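Given the structure is predicted, the values throughout are model-derived calculations rather than measurements.
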Amino acid sequence: MRKAVRTVIAVWLGVALCFGSAAAAPDGGASGSDEAAAPNRIAGMETKIVLTPSMVTNESGLGDATLLVDEQTLSGDPANGTGGAPVTSWQAGWNVSLYPAHAYIDLGQLYDLTSIYLRDTYDMYPITISAGSPGNWTELFTDPLTGWMTWNAHPVDVKTRYVRVTLHDPRVNMSEIVLYGTPADGGGDTTAPAAVTDLAATSSTASTVSLTWTAPGDDGMTGTASSYEIRYSTSDIKKADWASATQAVGAPAPAPAGTAQSMTVTGLSPATTYYFALRAKDGAGNEADLSNVVSKATAPVSPSTKIPLTASMILNEATNGDATLLVDEQDLAGDPKAGAGGHPVTYWNPGYFEGYYPASAVIDLGTDYQLTDVYLYDGSGGGKMSVLAGTPFNWTHLFDDPLSQQNKWIAHPINITTRYVQVKFDGCCRNMHEIVLYGTPLGTPAPPPASTPHTPPTMDQLMGVNAFIDDPQDKMQAAGFVREYHNWFWDEGDAWDFQNHSTVYPGYPNNANKFNPSYGGGGGWNFDAYYQSLKGAGLTVVPAIQGSVDWLSDGFGHKPVSSGKDALLPSSYAEHADHMFQFAARYGSTVVADSKLKLAAGQARSTGLNTLQYFEDWNEQDANWSGRMSYFTPYEYAAMASADYDGHQGAMGNTYGVKNADPNAKMVMGGLADPDLDYIKALKFWSDWNRRGSLPFDVVNVHLYNNKPSGSGYVGISPEEGKFKEQLEQFVDYRNRYLPGKEMWITEFGYDTHPGSDQRSPEIGPNSQFEVQAQWLVRSYLAAAAAGVDKAVMFMLRDEQYIPEKFQNSGLITNKATGSVPKISWYYVYTLKNRLSGMRYLAEENSGNANVKIYKFKSANSSSGAYVIWCPTSNNTTVNGYQLQLAGTSTSATQVALANGNTNGVQSNLTISGGKVTVNVSERPIFVMVDNIQ
């Protein structure tokens with residue numbers, strides 16, 4: 001739905017996490033000497049450890065990690081007031097998918113570290129320092145690097161030989177690390193682990209070799225070693241060659257001495273003989289002698305063959321059109337490489353909206369392949385298309401094809417190892433009918449994940465309504481959940497023309513939020529009292545914080561990105577992430593430091609009011625009807641959500657995003673106007689590669705309206721005809737398999753009651769449009785429960801106007817001008833909530849009659865429950881004298897009929913005979929309440 005509007009902002013405050021607190025040391029001249037590593041310390045002085053580039057191991061293999069320690073002389077002695085100004089910094093690349101990037105410093109022996117100093121230059125993105133040993137690290141602290149040309153001091157107290165540096169973002173700018181401490185006391189552990197003597201290479205594939213060995217101990221064959229270093233080479237490994245051999249990634253942690261251990265080394269070339277060796281280290285830095293050296297040849301690559309492609313491999317990044325048509329005719333396509341290509345006819349058309357282009361789709365082969373050929377069937381289109389492969393979001397361009405042929409297979413020889421292939425159209429009408437890939441698998445695809453059980457909510461908590469702050473709260477009681485449309489500008493300025501751009505409000509970063517009273521409602525709306533009142537009434541509330549602000553954008557629905565910013569970067573949404581932080585800081589369950597609050601003068605400096613748990617991030621971000629400035633591609637929305645959730649995992653600082661204000665809060669994804677699972681899949685794909693698999697919201701959220709063409713327009717249809725339940729089930733199944741623990745909501749559905757609306761509930765037989773709306777809403781709630789969603793929120797509580805325009809009269813009550821009078825639907829929905837309160841959906845019962853549908857609900861706290869029975873038709877069908885077989889040992893049964901003017905329905909007793917009761921069934925659901933149900 002399209003509703004009212006508003007926007008937000010952000011502030012950079014850094015807090016370092018460490019054994020002490022970070023402090024900025026004053027700059028000073030360079031000391032000109034690295035002799036501070038002497039074992040004797042001057043009283044009150046820190047002892048600087050000599051660091052050299054040869055001590056650095058770049059675990060990520062990206063960039064030049066020796067730049068962490070290349071300017072030690074220029075760095076001076078920051079702990080003792082004479083820190084210099086080093087300038088070079090390690091950068092592992094500009095694609096966020098390359099991060100986190102790791103490197104470690106080997107001090108050569110154990111040290112008692114006392115302080116770590118980081119040269120903080122500019123940009124505010126976090127860096128983590130850890131101690132321990134390779135493969136076994138303990139975090140010491142994370143520094144958000146919020147200073148400017150300062151030395152950040154971190155007191156520590158740890159004994160270690162190794163120090164690890166982790167960059168979390170390409171924009172980390174730390175130009176030097178300086179360590180302070182003294183060599184650990186001599187007379188400690190001087191016994192090295194035993195050398196491994198039974199290393200064996202047991203099996204191989206074209207790209208892997210499996211190794212086994214018996215674990216040595218910490219001291220000889222006693223205890224447990226600290227870490228393994230496993231290396232390989234294409235020539236024999238001698239002790240003198242050890243450092244030049246390639247270090248294997250992913251060595252396991254040592255097990256107790258005598259334990260059998262194993263590892264599979266990956267990323268090897270086919271048909272190649274490799275040599276392997278390992279050595280163990282203990283916590284004191286003692287290294288074992290080199291193990292025995294073993295060799296193993298990887299398997300040769302099988303001949304290149306046609307790769308089976310299926311629809312399940314396709315991710316439609318454009319989210320429009322059917323991208324599975326790229327691979328839907330693989331049998332008909334034949335074997336074009338062998339000269340036996342067929343003539344496929346279907347093709348993917350992403351549509352004509354500019355926001356879908358460049359339109360791309362990813363083919364996930366499930367495992368690495370050595371690709372040799374790509375064949376494209378050029379139909380009747382024209383214009384460039386591209387094929388890419390390699391690492392998502394850091395793609396390797398393979399080739400462009402102008403699609404200048406007609407009904408012809410076009411061959412493109414390639415040579416790349418990849419799991420992912422991206423097909424990209426830079427404009428519409430690229431009639432490429434089919435893609436065929438040739439290559440050799442280098443592994444075996446993992447099976448899809450199993451479905452994870454999810455406990456459904458009780459019906460009173462599932463049922464919701466959409467509303468505004470000025471709607472009558474007593475009428476909201478028909479449901480247990482309220483989704484409140486909340487414009488950002490109500491909190492920040494209340495300027496809404498988006499043309500003249502008022503300069504009265506200070507804007508970001510000097511925000512002056514108002515909540516009590518707010519800027520909205522002429523300055524009279526008190527959201528503190530509103531949320532508290534609804535909570536006191538037992539209603540759960542989620543504000544759908546929607547729209548931009550006048551001081552940031554040229555349109556209410558525009559993406560909240562200032563001019564010149566890249567909408568694909570989380571940092572571009574700092575203003576919005578700032579507001580999400582402020583909102584959660586006020587109404588969440590966690591008290592936030594007063595210094596972090598950004599409130600207008602005269603506002604109560606309240607925090608942790610604990611009136612809200614959920615915060616919805618935008619509304620209908622896929623609104624393509626509003627133009628490119630308002631439409632979020634999946635990756636643009638993912639970037640904003642990542643900022644709004646937790647400041648892009650802390651990279652933006654700790655005053656951005658809902659989770660940084662209240663870790664207990666749940667952020668709700670903005671409801672999709674088009675319930676497209678591809679959009680959700682694309683959000684997860686982005687998160688896999690840009691957030692290390694962490695999805696930046698807690699709730700998946702869609703909107704779904706059932707209608708069909710009728711004459712020159714449309715008409716609403718029943719949830720059964722519209723496959724309401726089945727459409728929701730696809731999202732629930734995806735959640736259960738790929739997003740376990742997340743909630744699944746539908747936050748808009750409903751029907752208009754004006755006979756001229758394209759979303760109207762029509763008259764059916766003797767039933768008015770008001771009666772049909774009431775029946776279909778009840779049946780929609782029931783279908784949502786059966787589908788497995790956690791919240792179902794109808795649109796909406798009240799009418800706007802009684803006119804033919806779509807969505808203007810979907811209310812349970814009439815508009816304010818006519819007194820907010822309850823419609824039939826308000827009574828029916830209220831009865832549904834009251835009668836099924838405390839009950840969860842149990843199962844669908846086989847009625848034995850196609851015109852009768854039966855859902856079972858059971859109390860969460862007892863064996864009692866209810867059957868809900870109705871005819872799932874839309875032609876005034878009735879089934880009289882239907883005998884309902886009761887499942888369980890019920891001794892009493894009561895029928896409840898929905899009735900206009902009654903919020904509990906009309907109750908009558910039923911007689912149980914032979915475990916059955918007899919009822920008359922119509923398209924208006926009835927309830928059979930029983931004391932026992934199974």
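- Using cut-offs of 30° and 60° on the angle between ring planes, the pair His648 and Trp686 is tilted.
- Residues His576 and Met580 are in side-chain contact: their nearest non-hydrogen atoms beyond the backbone lie under 4.5 Å apart.
- Rounding to the nearest 0.5 Å places CE of Met174 at 5.0 Å from CG of Leu118.
- Side chain of Arg279 to backbone of Ala288: a donor-acceptor contact under 3.5 angstrom is found.
- Counting only distance, with no hydrogens or angles, the side chain of Ser233 and the backbone of Ala245 share no donor-acceptor pair below 3.5 Å.
- Taken from CD1 in Ile237 to CH2 in Trp242, the straight-line distance is 6.5 Å, to the nearest 0.5 Å.
- Two residues are said to be in side-chain contact when any heavy atoms from C-beta on lie closer than 4.5 Å; Val56 and Trp90 fail this criterion.
- Phe583 and Tyr587 have tilted rings, their planes meeting at an angle from 30° to 60° on a 0 to 90° scale.
- Side chains of Trp213 and Phe276 form no contact here, defined as non-hydrogen atoms less than 4.5 Å apart.
- In this structure, CG on Leu74 lies 8.0 Å from CD on Glu176, to the nearest 0.5 angstrom.
- Between Met640 and Pro560 the shortest heavy-atom distance is SD-CG, 3.7 Å.
- Side-chain N or O atoms of Asn58 include one that pairs as donor or acceptor with a backbone N or O of Gly63 at under 3.5 Å.
- In summary, of the residues considered (Asn80, Thr114, Asp77), a side chain to side chain donor-acceptor pair (under 3.5 Å) with Tyr180 occurs for Asp77 alone.
- When side chains are defined from C-beta on, Val69 does not count as touching Met55, because their heavy atoms never get closer than 4.5 Å.
- Between the side chain of Asp218 and the backbone N or O of Asp282, no donor-acceptor pair lies under 3.5 Å.
- The shortest non-hydrogen separation linking Ala651 to Pro126 is CA-CD, 3.2 Å.
- With hydrogens and angles disregarded, no donor-acceptor distance shorter than 3.5 Å links the side chain of Arg119 to the backbone of Ser75.
- Residues Glu492 and Asn511 bring a donor and an acceptor atom of their side chains to less than 3.5 Å of each other.
- For the pair Asp143 and Ile129, the minimum side-chain heavy-atom distance is 4.5 Å or more.
- The distance from the OG1 atom of Thr191 to the CG atom of Asn286 is 7.0 Å, given to the nearest 0.5 Å.
- Across every non-hydrogen atom of Gly147 and Asp120, the tightest pair is N-OD2, 2.7 Å.
- Relative orientation of the Tyr162 and Tyr104 rings is perpendicular, given thresholds of 30° and 60° on the angle between their planes.
- Side-chain contact between Ile545 and Asp644 is absent, with no heavy atoms from C-beta onward closer than 4.5 Å.
- Under the 3.5 Å distance criterion, the side-chain polar atoms of Lys598 are matched with a main-chain donor or acceptor of Pro509.
- Using modelled atom types and a 3.5 Å distance limit, the side chains of Ser572 and Asp566 yield no donor-acceptor pair.
- Using a 4.5 Å cut-off on side-chain heavy atoms (C-beta onward), Val172 and Leu145 make contact.
- Of the N and O atoms on the side chains of His102 and Thr166, at least one donor lies less than 3.5 Å from an acceptor on the other residue.
- In this structure a side-chain-to-backbone donor-acceptor pair under 3.5 Å is present from Glu71 to Thr88.
- The shortest heavy-atom contact between Ser642 and Pro570 is CB-CG, 4.4 Å.
- The two residues Ser687 and Pro696 make their nearest non-hydrogen contact at OG-CD, 3.1 Å.
- The closest side-chain donor-acceptor pair between Thr121 and Ser175, if any, does not fall under 3.5 angstrom.
- Ionic pairing of Lys659 and Asp698 is present here: one or more N-O contacts between side-chain nitrogen and carboxylate oxygen are shorter than 4.0 angstrom.
- Taking CD1 of Ile49 as the start and CD1 of Ile177 as the end, the distance is 10.0 Å to the nearest 0.5 Å.
- Contact check on Asp106 versus Arg161 returns a salt bridge, with a Lys/Arg side-chain nitrogen under 4.0 Å from an Asp/Glu carboxylate oxygen.
- In this structure, Glu59 pairs ionically with Arg164, as a charged nitrogen and a carboxylate oxygen lie closer than 4.0 Å.
- The aromatic rings of Phe697 and Tyr637 sit tilted relative to each other, their planes meeting at an angle between 30° and 60°.
- Atoms CG and CG, on Leu68 and Leu51 in that order, are 10.0 Å from each other to the nearest 0.5 Å.
- Side-chain atoms of Gln91 never come within 3.5 Å of backbone atoms of Leu62 as a donor-acceptor pair (strictly under, hydrogens ignored).
- Judged by distance alone, the side chain of Gln109 and the main-chain N or O of Pro183 form no donor-acceptor pair under 3.5 Å.
- Taking 4.0 Å as the cut-off between side-chain N and carboxylate O, Arg691 and Asp646 count as a salt-bridged pair.
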message: Is there a side-chain hydrogen bond (donor to acceptor under 3.5 Å, both in side chains) between Asp112 and Thr182? Walk through the geometry before answering.
response: CA-CA 5 Å; Asp112 289 316; Thr182 56; 4.6 Å; no
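- A 4.5 Å side-chain heavy-atom check between Thr160 and Tyr111 finds every atom pair outside the cut-off.
- Remark: the backbone N or O of Leu278 is paired with a side-chain donor or acceptor of Ser291 at under 3.5 angstrom.
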